[in-house]
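Below is one structure, written out as structure tokens, with a few remarks after it.
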Amino acid sequence: MKQYLDNLREVLDNSHDVRNNRTGIPDIGIGYGVTFVHDMSNGFPLVTTKKMGLKNIATELEFFIKGYTDKKWLQDRNCHIWDEWANPMVVQTKYDIAVAKEQPQTQQQEIDIKNKIMDTETDLGPIYGWQWRHFGSQYHYNPSDVTDNYDKSNPGVDQVKNAIYKLKNNPNDRRILVNAWNPVDMPQMALPPCHVMHQLIVRDGKLNLIWTQRSCDMFLGIPYNIASYALLLLLYAKEANLKPGVLKGELHDAHIYTNHIDQVKTQLTRKPYPLPTVEIPDKNWNGMLNWKATDFNLKNYICHERIKGAVAR
């Protein structure tokens, strides 16, 4: 996919410093960001210069759409995107207890203890999908019921349901936005949202989706984000009986981790294959809010071999 490769090349060629960050793995990048634009009539934007698992991406998207926050739900479906993170308030409480027992002597020992807790703790806190579906509610976590994570007496704003209603009843509305950035809930979020909002715009009978992303891991994260929002666009379009139009990503802090530079250079030597197509079949369709990650058909996906890269935690 040329547009994504052009974005990668722009970041690689125009980065002039190495920056330290919270992960401990330095990155290179550009402060003014890049823009990704793709017309959905030209195929589904699943990167072909390395192998991508759309089932994994779809599973995470279902998780978001349903407002779930327990990573065990993902793990039970063999999706391990969120394995390394957990609700920081829960982690800190358990860390304080562990420190009293283990008494770490070095910073690395402290990090190892926290990482071990995050590996085993399944509460992710009020991340993306919870904000999409329950913005403004009171978050709580019930490990025995994945749907029980908000105050039923004040369920908050269901932004996705509101967006669907507007697409069906007032598609000319210029305020069809879904926002994940909520500073009030941030202390409990496993990660503050990287893709902070998406907007839906209807023109000429076509539905366009623009997402805004504050932090952009160009090698590992962005290919997932592109495919996820493309799939989300298809779901909104099917729900509202509209044709998919343009997918656009406003990618702000665009960076490449230094331990991914060789992989990026390898990827940039590869010639992209024609894009595949994705269909959301009518069979089993019971509305976007009830969609399951198994209900899509990926056709004609030809790709180069996988390129591995470590996740910056």
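In what follows, residues are counted from 1 in the order of the sequence shown.
- Under the side chain to side chain donor-acceptor pair (under 3.5 Å) criterion, the residue pairs touching residues 209-226 are W211-Q213, Q213-N225, with sequence neighbours excluded.
- In K152, the NZ atom is crowded: over 12 heavy atoms of neighbouring residues, nucleotides or ligands sit closer than 6.0 Å.
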N/O donor to acceptor pairs below 3.5 angstrom from side-chain atoms of residues 299-306, sequence neighbours left out:
residue	atom	partner	partner atom	Å
K299	NZ	E279	OE1	3.1
K299	NZ	E279	OE2	3.3
Y301	OH	V47	O	2.6
Y301	OH	K50	O	3.4
Y301	OH	M52	N	3.1
H304	NE2	K271	O	2.8

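- With sequence neighbours excluded, the residues that form a side chain to side chain donor-acceptor pair (under 3.5 Å) with D158 are R133.
- Qualifying ring pair (Phe, Tyr, Trp, His ring centres under 6.0 Å) partners for W73, counting only residues two or more places apart in sequence or in other chains: F63, Y68.
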Would you list the atom pairs, donor with acceptor, under 3.5 Å between side chains in residues 199-209 and any protein atom, with sequence neighbours excluded?
residue	atom	partner	partner atom	Å
Q199	NE2	R174	O	3.4
N208	OD1	V246	N	2.7
N208	ND2	I201	O	3.2

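- Scanning for salt bridge (charged side-chain N to carboxylate O under 4.0 Å, His left out) contacts around D253 gives R19, with sequence neighbours left out.
- Aromatic ring pairs are classed by plane angle as parallel below 30°, tilted from 30° to 60° and perpendicular above 60°; the pair H198 and W132 is perpendicular.
- K94 is linked by a salt bridge (charged side-chain N to carboxylate O under 4.0 Å, His left out) to E121, counting only residues two or more places apart in sequence or in another chain.
- Every residue two or more places apart in sequence or in another chain that forms a side-chain contact (heavy atoms from CB on, under 4.5 Å) with D119 is listed here: R313.
- Partners of D185 according to the side-chain contact (heavy atoms from CB on, under 4.5 Å) rule, which considers only residues two or more places apart in sequence or in another chain, are P126, W130, Q131, N182, M189.
- For residues 258-268, the set of pairs meeting the side chain to side chain donor-acceptor pair (under 3.5 Å) definition, not counting sequence neighbours, comprises T49-Q267.
- Qualifying side-chain contact (heavy atoms from CB on, under 4.5 Å) partners for R9, counting only residues two or more places apart in sequence or in other chains: D6, D13, L268.
- Under the side-chain contact (heavy atoms from CB on, under 4.5 Å) criterion, I30 pairs with E10, V11, N14, S15, Y32, V34, A254, not counting sequence neighbours.
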